[in-house]
Asks: 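Here it is, the structure, as structure tokens.
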Amino acid sequence: MTQLEKLAALRSEMKDKGIDAYIIPSSDPHISEYLPERYKCIAWTSGFTGSAGTLVITADFAGLWTDSRYFVQANEQLKDTGFELVKLKIQGVAEYVTWLSHQLAAGQKVAFDGNLASVAIAQTVQTTLLPLGIEVDGHIDLLDAIWNERPKLPTEKAYLLDEKVTGQSTSDKINAIKDTLREKHADAHLISSLDDLAWALNIRGNDVQCNPVVLGFLLISRAGNTLFIDQSKLTAADITTLADASVEVQSYELLFEHLKSLEAIRILLDPKRTCFAVYDSIPAGIQILDAINPSTSLKAVKNAVEVENTRKAMVKDGVALTKFFKWVEENVSENTLTEISIAEKAHQLRAEQPGFVDISFDTIAGYQAHGALPHYKATQESNSTLKAEGLLLVDSGGQYQDGTTDITRVISLGKITKEEQADYTLVLKSMIEGSLAVFPKGTKGYQIDAITRQPMWQTLRNYGHGTGHGVGYFLNVHEGPQVFNPSAVDVAVEEGMITSMEPGLYREGQYGIRIENLLLAKPKETNYFADFLEFETLTVCYIETSLVDKTYLDQKHIDWLNQYNQWVYEQLVPFLTDEESTWLEIKTKEI
């Protein structure tokens, strides 16, 4: 079926069921960012493959609401599909709900599949539309009837990690969660989000590309702790190990049946990480406490073992990327390298490192104009051939058994303009400013975001995406609760958090620049005024200096860059050949 045929079939289903507007979120029953094939509903329906967006279909309009990261990509992928791009003004806000409130009249009906909508989204729809007399039904899946050969749920095996790798036992983690539950006077808690479940049970899997997670739900209650999972994914030894940690294993499909007979007074559910179908299944007599999963906050603060292992993973990643950029530089003049082939090469070189499991997200290899698309992924149709000129942006990462990496570098392939140098230097200056930040305990991410953007704002430049996101420990590359962006998220930066620092600048149709390191928040000093924190840079990969225009930098920025590159050289040279070491020595020479 073409996208136009799928849209027609969907509208036919809507008409049969008396539905005037249908909402398709980008999600699954675990409110995941990256989805199993079965739940890639937006891609199947519209052709749009970005990781964030919402489809809204009415009888005479079909739109994709997404943010600025995907505007160019969406325009390309939605062409001739019957779907139109609707540009979000604010990233992450359900602006389509307000649109529906103006388009529909009392007595009309909006529907969505509650397995794909978070509680927060479902409640936004209800609170906005129900007072207008618009009916809302959150339990209708229209896709199953028209999606022929829809993929089944994955059956990959799962596995448990040893406490020596995680730094904390499953029992201790569950007890830490229960401590928070007692503080909040809750006697039950359901974890739906896969990274939270993976952290709590020290379990990993292969159910979602690039994310080492396994599909499941974890119920913690007075009656005991129950993992709902496809039991064929676990060995008998794994089930015994979980039992020793007081975790019973039940079939994945039994969750909803189990919830019907749940005995509890108050259950904690995270409205942003729980699907509406689960939320609506809680028996009426049980009070629901809407609060962030305790595990989300707990796992954001890395313990000493996780931090030290992450440092090791960074060195391995740096070795792979040194080999990679050397290879690109030495082969670009042959006009045989493409965006796809270099992404494959980066994957290959990472895979040669000990403990490598997978890439942590699809590599963004954007040459020249494609670098201006923050979440670009080359296709056979868009695949550009590299030439010995212009800018190349590579945003990539790896999943290692001892950590998760995420790094962006921009390199010169030759014939660089003064404007490109100025833009590159200002992005670098912003990244350094953020990395050098010293701040009192309690500082929020939006404050770090503003500090980082200052060099760009002062030259009347800006970028549309956030400055940083949390990163997991051999887990999801995008992890909360902390985030560095302009929104007033009330989450403080805490000691032990690992967060990306990635300012950028994009000139559509020309080029894009983004420089990204991962930072660890750690204590600086305690004095009369406050407990102060600072950042330690974890990422170990040289930063291109040939693009730097020193006239835009203060001495502190030059010193930081020189010291960083020298540190990178010292960290990596024991693992490189003589030829690679010589090449890196030149790349890290003082400016």
Side-chain angles (χ1 to χ4, degrees), residues 311 314 318 407-412 416 418-463 466-468 484-486 493 495 497-505 513-527 529-572 584-591:
R311 291 193 181 105
M314 294 293 174
I407 173 175
T408 308
R409 290 293 185 266
V410 172
I411 64 169
S412 165
I416 298 303
K418 287 291 186 182
E419 182 181 60
E420 288 170 329
Q421 281 188 297
D423 286 346
Y424 177 89
T425 306
L426 288 165
V427 171
L428 174 60
K429 187 176 183 179
S430 291
M431 197 276 289
I432 294 172
E433 281 291 330
S435 302
L436 287 173
V438 175
F439 49 95
K441 188 175 182 180
T443 296
K444 309 299 196 301
Y446 56 86
Q447 296 170 294
I448 302 298
D449 179 88
I451 290 170
T452 304
R453 291 178 192 262
Q454 277 302 302
M456 300 188 71
W457 286 350
Q458 288 165 358
T459 59
L460 307 182
R461 291 167 166 86
N462 200 14
Y463 50 97
T467 294
F484 299 166
N485 70 25
V493 183
E495 174 187 348
M497 285 181 168
I498 295 176
T499 314
S500 69
M501 172 62 62
E502 49 182 309
L505 188 151
I513 297 165
R514 186 166 63 256
I515 304 173
E516 175 187 17
N517 282 341
L518 299 190
L519 308 180
L520 170 70
K522 65 178 189 178
K524 169 77 171 174
E525 183 180 308
T526 296
N527 61 24
F529 298 100
D531 298 324
F532 285 92
L533 302 176
E534 64 180 350
F535 291 123
E536 173 191 334
T537 297
L538 298 175
T539 302
V540 189
C541 181
Y542 82 96
I543 293 175
E544 179 84 37
T545 58
S546 68
L547 285 161
V548 172
D549 182 343
K550 290 170 64 174
T551 62
Y552 288 94
L553 300 179
D554 300 331
Q555 190 59 45
K556 70 174 183 178
H557 305 115
I558 295 171
D559 290 344
W560 185 96
L561 178 59
N562 287 332
Q563 290 164 11
Y564 174 77
N565 273 343
Q566 182 58 34
W567 172 74
V568 167
Y569 176 79
E570 293 168 356
Q571 291 286 305
L572 299 184
L584 184 59
E585 185 176 16
I586 295 170
K587 289 295 179 184
T588 55
K589 186 177 179 180
E590 287 191 359
I591 63 171

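Bear in mind the structure is a predicted one, so any value in this text is a computation, not a measurement. Count residues from 1 along the sequence.
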Asks: Atom CG in Asn462, atom OG in Ser430: separation rounded to 0.5 Å?
Replies: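 Reported value, rounded in 0.5 Å steps: 9.5 Å.
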Asks: State whether a side-chain donor-acceptor pair under 3.5 Å links Asp449 with Thr467.
Replies: yes
Asks: Using the side chain to side chain contact (heavy atoms under 4.5 Å, CB included) rule, take Trp560 and Leu553 through it: C-alpha gap first, then chi angles, then the decisive distance, then the call.
Replies: CA-CA 11 Å; Trp560 185 96; Leu553 300 179; over 6 Å; no
Asks: Taking all atoms of both residues into account, what is the closest heavy-atom pair of Val427 and Pro503, and its distance?
Replies: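 Closest approach of Val427 to Pro503: CG1-O, 3.4 Å.
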Asks: Taking the side chain as C-beta and beyond, is there a heavy-atom pair between Pro486 and Tyr446 under 4.5 Å?
Replies: no
Asks: Look at the side chain of Asp531 and the backbone N and O of Pro523, then say whether any donor-acceptor pair between them is shorter than 3.5 Å.
Replies: no
Asks: Can you tell me how far apart CG (Leu436) and NE2 (His557) are? Round to the nearest 0.5 Å.
Replies: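 Rounded to the nearest 0.5 Å, the CG-NE2 separation comes out at 7.0 Å.
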Asks: From Glu502 CD over to Thr452 OG1, what is the distance, rounded to the nearest 0.5 angstrom?
Replies: 11.0 Å
Asks: Under a 3.5 Å distance rule, please check whether Thr499 uses its side chain to pair with a backbone N or O of Gly468 as donor and acceptor.
Replies: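 Here the side-chain-to-backbone pair does not exist.
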Asks: Could you measure the distance from the CE atom of Met431 to the CG atom of Leu519? Nearest 0.5 Å is fine.
Replies: 8.0 Å
Asks: Is there a side chain to side chain contact (heavy atoms under 4.5 Å, CB included) between Thr545 and Lys589? Walk through the geometry before answering.
Replies: CA-CA 9 Å; Thr545 58; Lys589 186 177 179 180; over 6 Å; no
Asks: Counting distance only, does the side-chain N/O of Arg409 pair as donor-acceptor with the main-chain N or O of Arg514 below 3.5 Å?
Replies: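 Answer holds: no.
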Asks: Strictly distance-based, threshold 3.5 Å: is any side-chain N or O of Lys524 a donor or acceptor partner for the main-chain N or O of Lys522?
Replies: no
Asks: Could you tell me which non-hydrogen atom of Asn565 sits nearest to which non-hydrogen atom of Ile543, and how far apart they are?
Replies: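 It is OD1-N, 3.0 Å.
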Asks: Between Asn485 and Gly445, is there a donor-acceptor pair closer than 3.5 Å when you use the side chain of the first and the backbone of the second?
Replies: no
Asks: Indicate yes or no for a side-chain donor-acceptor contact from Lys429 to the backbone of Tyr552 under 3.5 Å, with no hydrogens or angles considered.
Replies: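 Indeed, once roles are kept as given, a pair shorter than 3.5 Å links the two residues.
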Asks: So which atom in Ser500 and which in Glu516 form the shortest heavy-atom distance, rounded to 0.1 Å?
Replies: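 Looking at all heavy atoms of both residues, the closest pair is CB-OE2, 3.4 Å.
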Asks: State, to 0.1 Å, how close Ile407 and Cys541 come at their nearest heavy-atom pair, and which atoms those are.
Replies: CD1-CB, 3.4 Å
Asks: Assess, by modelled atom type and distance only, whether the side chains of Asp559 and Gln563 contain a donor and an acceptor separated by less than 3.5 Å.
Replies: no
Asks: When you compare the side chain of Tyr542 with that of Ile411, does any pair of heavy atoms fall below 4.5 Å?
Replies: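 Result yes, sub-4.5 Å side-chain heavy-atom pair found.
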Asks: Is there a side chain to side chain contact (heavy atoms under 4.5 Å, CB included) between Trp457 and Gln454? Walk through the geometry before answering.
Replies: CA-CA 5 Å; Trp457 286 350; Gln454 277 302 302; 3.2 Å; yes
Asks: Whether the side chain of Asp554 engages the backbone of Lys556 through a donor-acceptor N/O pair (distance < 3.5 Å, no angle test) should be reported.
Replies: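 Pair absent, no side-chain N/O of Asp554 close to backbone of Lys556.
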Asks: Do you know which of Glu495, Arg311, Met497 makes side-chain contact (heavy atoms from CB on, under 4.5 Å) with Leu520?
Replies: Arg311
Asks: Contact between Ile591 and Asn562 at the side-chain level, heavy atoms closer than 4.5 Å - yes or no?
Replies: yes
Asks: How close do Lys444 and Val493 get, counting heavy atoms only, and between which atoms?
Replies: C-CG2, 4.3 Å
Asks: State, with a plain yes or no, whether a side-chain heavy atom of Ile498 is found less than 4.5 Å away from one of Leu538.
Replies: yes
Asks: Would you please indicate yes or no on a ring centroid separation below 6.0 angstrom for Phe439 and Phe535?
Replies: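 Distance test on ring centres: under 6.0 Å, yes.
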Asks: Keeping the roles fixed (side chain from Asn527, backbone from Ala530), state whether a donor-acceptor pair exists under 3.5 Å.
Replies: yes
Asks: Would Tyr424 and Asp549 count as a side chain to side chain contact (heavy atoms under 4.5 Å, CB included) if you check the C-alpha gap in whole Å, the side-chain angles of each, and the deciding distance to 0.1 Å?
Replies: CA-CA 8 Å; Tyr424 177 89; Asp549 182 343; over 6 Å; no
Asks: Quick one: pull up CD in Glu544 and CD1 in Ile416 and give me the separation to the nearest 0.5 Å.
Replies: 8.5 Å
Asks: Within this structure, what is the CD-CD distance for the pair Glu534 and Glu525, rounded to the nearest 0.5 Å?
Replies: 10.0 Å
Asks: Just by modelled atom types, is the Pro455 backbone N or O under 3.5 Å from a matching donor or acceptor in the Arg461 side chain?
Replies: no
Asks: Please verify the inter-ring angle class for Tyr564 with Trp567; under 30° counts as parallel, over 60° as perpendicular, anything in between as tilted.
Replies: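 Aromatic pair Tyr564/Trp567 classed tilted.
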Asks: Between Ser435 and Met501, which heavy-atom pair has the shortest distance, and what is it?
Replies: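 For Ser435 versus Met501, the nearest heavy atoms are OG-CG, 4.0 Å.
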